[in-house]
Amino acid sequence: MLKRIDLSRNYQNHKEEYLKAIEAVCEETAFSGGKFADKFDKEFAAYIGVKAASGVDNGTSALQLAMLALGIGEGDEVIVPANTYIASAWGPTYVGATPVFVDCTKDTWEIDPDRIEEKITGRTKAIIGVHLYGQPFDFDRVKEIADKHGLYIVEDCAQSHGAKYGGRMTGSLGDLGCFSFYPGKNLYAFGEAGSVVSDKEEYIEAIDTWKNQGCKVRYYHDVVGYNMRMEGIQGAVLSVSLQYLDEWTFLRRKIGQRYLEEIRNPLITMQAHPGNTEPVFHLFVIMAPEAERFVEYMAGRGIECHRHYPVPCHLQKAYAHLGYQRGDCPNAEYLAEHCVTLPMFPEMTPEEVGMVIEACNQYEGKG
Ligand SMILES: *Cc1c(COP(=O)(O)O)cnc(C)c1O
């Protein structure tokens with residue numbers, strides 16, 4: 001069975017470097033925060049092209065900390081796309097704000113700038129834009145709206161490490177960029193980790209305090225903080241992987257390009273990739289009729305597929321109290337019903353890519 005994603009190939013390719021990095025952390029017992037986490041912060045900020053980064057315990061915390069750094073809390077509203085992984089909405093929710101869901105476009109499947117303004121109220125404080133599947137959203141249009149209404153922009157870059165918009169790195173475009181290094185993301189830790197990046201060092205300093213039990217000086221607690229530090233082992237592993245990220249992105253793009261060019265089944269729709277963007281193909285999502293059956297059909301051909309995501313955020317049970325109805329975000333709902341995620345990871349062989357393409361092209365769509 002060809003897996004949707006197979007991390008073991010990467011581990012085998014770089015095993016010695018990873019184990020050496022982990023050993024160095026053990027030798028120095030720099031387990032929580034500390035020099036290996038700090039070193040990665042510097043390297044990652046330089047990679048994204050921003051002044052500072054703060055390594056944290058996961059991407060969900062990164063989003064929560066971004067909200068705290070911006071002073072967002074009780075009674076505030078934050079615009080979030082309906083088509084995203086649910087954690088994009090947890091950030092504002094955890095700080096007591098309300099996520100306000102906006103539909104995606106029909107072609108890019110990213111937040112629809114034409115649908116944002118109608119959702120802005122006197123309580124709106126920020127827009128969380130998600131570069132979903134590794135495809136940058138329409139930042140310039142979102143920025144225009146944010147500036148007009150005095151809103152912050154937080155980028156959820158959990159799926160877009162190394163992706164560019166107008167030649168600029170995602171994560172460097174808005175006020176703050178939030179990354180996840182969950183295993184399987186384009187850049188990942190050997191466990192849980194995340195980062196918040198920004199050109200505004202005061203935000204990163206605030207996050208360094210929030211994530212560290214509310215202290216700047218040990219045992220002096222300025223705010224009711226959290227324990228959301230990055231582990232040393234994760235920093236050390238990420239420093240190894242960051243050196244290869246561009247190479248892995250190159251390989252993902254080659255696979256993505258082949259899918260885009262060689263999948264020629266009229267039943268299958270693919271995401272649009274506007275010319276001013278350089279996507280990184282975190283997930284290769286297609287739309288197909290009878291998506292569940294498509295997944296079974298692919299499994300029958302020895303190919304594992306998943307579905308990202310079968311329920312859009314506004315219709316999740318967790319947000320039932322917000323009162324959204326089916327039909328509120330029709331494009332996101334249509335996508336949720338039809339989406340299928342094809343195998344995509346840098347170590348796929350050309351034969352495996354060919355096998356996925358052939359199976360897609362032979363799908364007939366009727367049960
Ligand atoms: C993975 C992901 C997150 C959450 O990151 P974790 O590290 O799993 O907490 C947030 N947003 C998006 C879009 C993601 O894909």
Side-chain angles (χ1 to χ4, degrees), residues 4-5 7 37 40 44 53-68 78-95 99 101-102 104 108-111 126-137 139 153-163 170-171 173-174 176-197 207 211 226-231 233-235 237-238 241 252 271 279-285 306-314 316 318-319 332 335-336 339 341 344-345:
R4 216 290 296 151
I5 178 168
L7 300 184
F40 175 71
F44 193 59
S54 184
V56 297
D57 59 346
N58 59 64
T60 308
S61 297
L63 288 154
Q64 180 181 352
L65 290 161
M67 296 293 109
L68 290 168
V78 177
I79 302 279
V80 180
N83 177 40
T84 181
Y85 181 58
I86 194 72
S88 306
W90 290 157
T93 305
Y94 291 166
V95 300
F101 295 110
V102 168
C104 60
T108 65
W109 310 342
E110 304 293 333
I111 192 165
I127 300 170
I128 296 182
V130 185
H131 305 293
L132 199 69
Y133 314 136
Q135 170 58 44
F137 66 85
F139 183 81
I153 300 180
V154 173
E155 297 174 70
D156 181 339
C157 304
Q159 304 190 359
S160 73
H161 318 70
T170 58
L173 307 165
L176 291 149
C178 298
F179 288 84
S180 163
F181 305 122
Y182 177 79
K185 307 284 183 176
N186 291 27
L187 178 67
Y188 63 90
F190 284 10
E192 305 277 347
S195 183
V196 188
V197 305
I207 285 168
K211 77 175 183 191
Y226 300 89
N227 178 355
M228 293 178 169
R229 293 178 295 256
M230 179 186 273
E231 295 183 343
I233 285 179
Q234 308 312 339
V237 166
L238 286 162
S241 296
R252 284 178 184 274
Q271 189 183 20
V280 292
F281 300 101
H282 170 58
L283 297 173
F284 199 96
V285 176
H306 289 160
R307 304 194 59 226
H308 297 84
Y309 297 94
V311 182
C313 294
H314 68 295
Q316 293 286 353
Y319 286 125
L335 181 61
C339 63
T341 311
M344 166 63 80
F345 54 96

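As the structure lists them, so they are numbered: ligands from 1, and atoms in each ligand from 1.
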Distance under 4.0 Å to a non-hydrogen atom of A87: what atoms of ligand 1 satisfy this? 3 (C), 4 (C), 10 (C)

Nearest non-hydrogen protein atom to atom 9 (O) of ligand 1, with distance, is T60 OG1, 2.5 Å

Numbered atoms and elements of ligand 1 in range of T84, under 4.0 angstrom, heavy atoms: 13 (C)

With side-chain contact (heavy atoms from CB on, under 4.5 Å) as the criterion, how do V197 and F179 come out once you've worked through the C-alpha distance, each side chain's angles and the decisive distance to 0.1 Å? CA-CA 8 Å; V197 305; F179 288 84; 3.8 Å; yes

Proximal ligand 1 atoms for N58, defined as those under 4.0 Å from one of its heavy atoms: 7 (O), 9 (O)

For ligand 1, which atoms sit closer than 4.0 Å to a heavy atom of G59? 5 (O), 6 (P), 7 (O), 9 (O)

Do P183 and L7 come within less than 4.5 Å of each other through their side chains, counting heavy atoms only? yes

Can you tell me the protein heavy atom closest to atom 14 (C) of ligand 1 and the distance? K185 NZ, 3.0 Å

Neighbour count above 12 (heavy atom, 6.0 Å) for F345 CZ: yes

At what distance is the nearest protein heavy atom to atom 11 (N) of ligand 1, and which residue and atom is it? D156 OD2, 2.8 Å

Against heavy atoms of S88, which atoms of ligand 1 measure under 4.0 Å? 11 (N), 13 (C)

For a 4.5 angstrom cut-off between non-hydrogen side-chain atoms, does F181 reach F44? yes

Heavy-atom contact check, 4.0 Å cutoff: does G194 meet ligand 1? no

Parallel, tilted or perpendicular: which describes the rings of W90 and Y319, with under 30° parallel and over 60° perpendicular? tilted

Does the K185 side chain pair with the main chain of H282, one donor and one acceptor, at a distance under 3.5 Å? no

Any side-chain to backbone donor/acceptor pair from N186 onto V280? Under 3.5 Å, distance only. yes

Please say whether Y182 places an N or O atom under 3.5 Å from an N or O atom belonging to ligand 1. no

